[in-house]
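The chain is numbered in sequence order, starting from 1.
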Amino acid sequence: MPRRHDPERRQRIIDAAIRVVGRQGIAGLSHRTVAAEADVPLGSTTYHFATLDELLVAALRQANEGFAEVVAGHPAPADPDADLAGELARVLGEWLGGDRTGVELEYELYLAALRRPALRPVAAEWAEGVGALLAARTDPVTARALVAVLDGICLQVLLTDSVYDEGYAREVLARVLGGATGT
């Protein structure tokens, strides 16, 4: 029997893994659950991704594109006249303001790097990528601090299921940038 040509199969498997993690968490991820979700033979998942860590790396890499694309899509990081703290606070608000499922999924995959060393380089890529975008407006150390603050605010909002406070975020980011605005 000739082998069926299916150039989109690898991507369908990654998309299926993201959906499975979104519904069941990382604990629910297996080659079997992903194969069923992608509607492909079990052997296809192991052909494209020998281990679950390889599959998680691909899923995290794809999920990480979300926030970096949102930041890259705004002119503030490259515009020297833009209020960087205000723009970053607004971007973060857009990111957290819609359906949080995607943001929660991204953070679940991101935090999985704590227990899965194979994911750590991908998690670092995300921080370095956003930091590089921000370094166009500030120095590399401040850019890294901004990424840490953005990360921390996101985690606090997600973990406490609280409403995002754009004014607070702007003030904290402005302080990191050296322009304390509070009392």
Side-chain angles (χ1 to χ4, degrees), residues 10-11 13-15 17-19 21-22 25-26 29 48-159 164 166 168-180:
R10 184 177 193 282
Q11 184 60 52
I13 292 169
I14 294 168
D15 294 341
I18 289 171
R19 288 191 305 273
V21 172
I26 289 177
L29 186 75
H48 289 285
F49 303 98
T51 67
L52 285 179
D53 279 351
E54 286 179 23
L55 181 55
L56 281 169
V57 164
L60 178 57
R61 190 162 274 130
Q62 183 168 312
N64 276 350
E65 294 169 1
F67 186 70
E69 285 176 3
V70 170
V71 173
H74 283 72
D79 181 359
D81 296 325
D83 170 20
L84 185 58
E87 288 298 312
L88 289 173
R90 187 173 61 75
V91 167
L92 198 57
E94 288 174 17
W95 183 244
L96 291 168
D99 178 19
R100 288 191 182 174
T101 305
V103 180
E104 290 169 357
L105 168 70
E106 185 171 333
Y107 269 94
E108 183 164 1
L109 289 167
Y110 182 64
L111 292 173
L114 291 171
R115 300 276 184 230
R116 294 179 179 263
L119 297 177
R120 290 180 186 161
V122 183
E125 285 172 17
W126 177 87
E128 290 166 6
V130 174
L133 289 170
L134 298 176
R137 284 283 309 277
T138 185
D139 62 276
V141 172
T142 302
R144 284 181 60 199
L146 289 170
V147 170
V149 169
L150 292 168
D151 236 356
I153 291 171
C154 277
L155 280 171
Q156 287 176 357
V157 168
L158 293 172
L159 293 174
Y164 173 69
E166 188 171 320
Y168 165 78
R170 188 206 173 286
E171 183 170 335
V172 171
L173 292 164
R175 288 179 184 209
V176 171
L177 287 164

Would you mind telling me which of V122, T51, L52 makes a side-chain contact (heavy atoms from CB on, under 4.5 Å) with V57? V122
With heavy-atom distances below 4.5 Å as the criterion, would you say the side chains of I13 and L55 are in contact? yes
Determine the minimum heavy-atom distance between A89 and Y164, stating which atoms define it. O-OH, 2.6 Å
List the residues meeting salt bridge (Lys or Arg N to Asp or Glu O under 4.0 Å) with D83, not counting sequence neighbours, and say none if there are none. R170
Taking the side chain as everything from C-beta on, heavy atoms only, tell me whether L56 gets closer than 4.5 Å to F49. no
Within-4.5 Å side-chain heavy-atom neighbours: L111 and L155: yes
Distance check, rounded to the nearest 0.5 Å: H48 atom NE2 versus Q11 atom CD? 11.0 Å
Verdict with reasoning, D151 to Y107, per side chain to side chain contact (heavy atoms under 4.5 Å, CB included): CA-CA 9 Å; D151 236 356; Y107 269 94; 2.4 Å; yes
Distance col, row I18:CD1 vs Q62:CD, nearest 0.5 angstrom, shows 4.0 Å
Which heavy atom of A59 sits nearest to which heavy atom of I14, and what is that distance? CA-CG2, 4.0 Å
If you take all heavy atoms of I26 and A112, which pair is closest and at what distance? CD1-CB, 3.2 Å
Backbone of R61 reached by a side-chain donor or acceptor of E125 within 3.5 Å: no
To the nearest 0.5 Å, what is the distance between CD (E104) and CG (L159)? 9.5 Å
Enumerate, atom names and distances included, each donor-acceptor pair closer than 3.5 Å involving a side-chain atom of residues 134-146, sequence neighbours excluded.
residue	atom	partner	partner atom	Å
R137	NH1	A76	O	2.9
R137	NH1	D79	O	2.8
R137	NH1	A82	O	3.3
R137	NH2	A82	O	3.0
D139	OD1	T142	OG1	2.7
D139	OD2	V141	N	3.1
D139	OD2	T142	N	2.9
D139	OD2	T142	OG1	3.3

What distance separates L60 CG from R120 CZ, expressed to the nearest 0.5 Å? 13.0 Å
Test side chain to side chain contact (heavy atoms under 4.5 Å, CB included) on V103 and L96; report intermediate values, then the result. CA-CA 7 Å; V103 180; L96 291 168; 3.9 Å; yes
Does the side chain of L84 reach to within under 4.5 Å of the side chain of L173, using non-hydrogen atoms? no
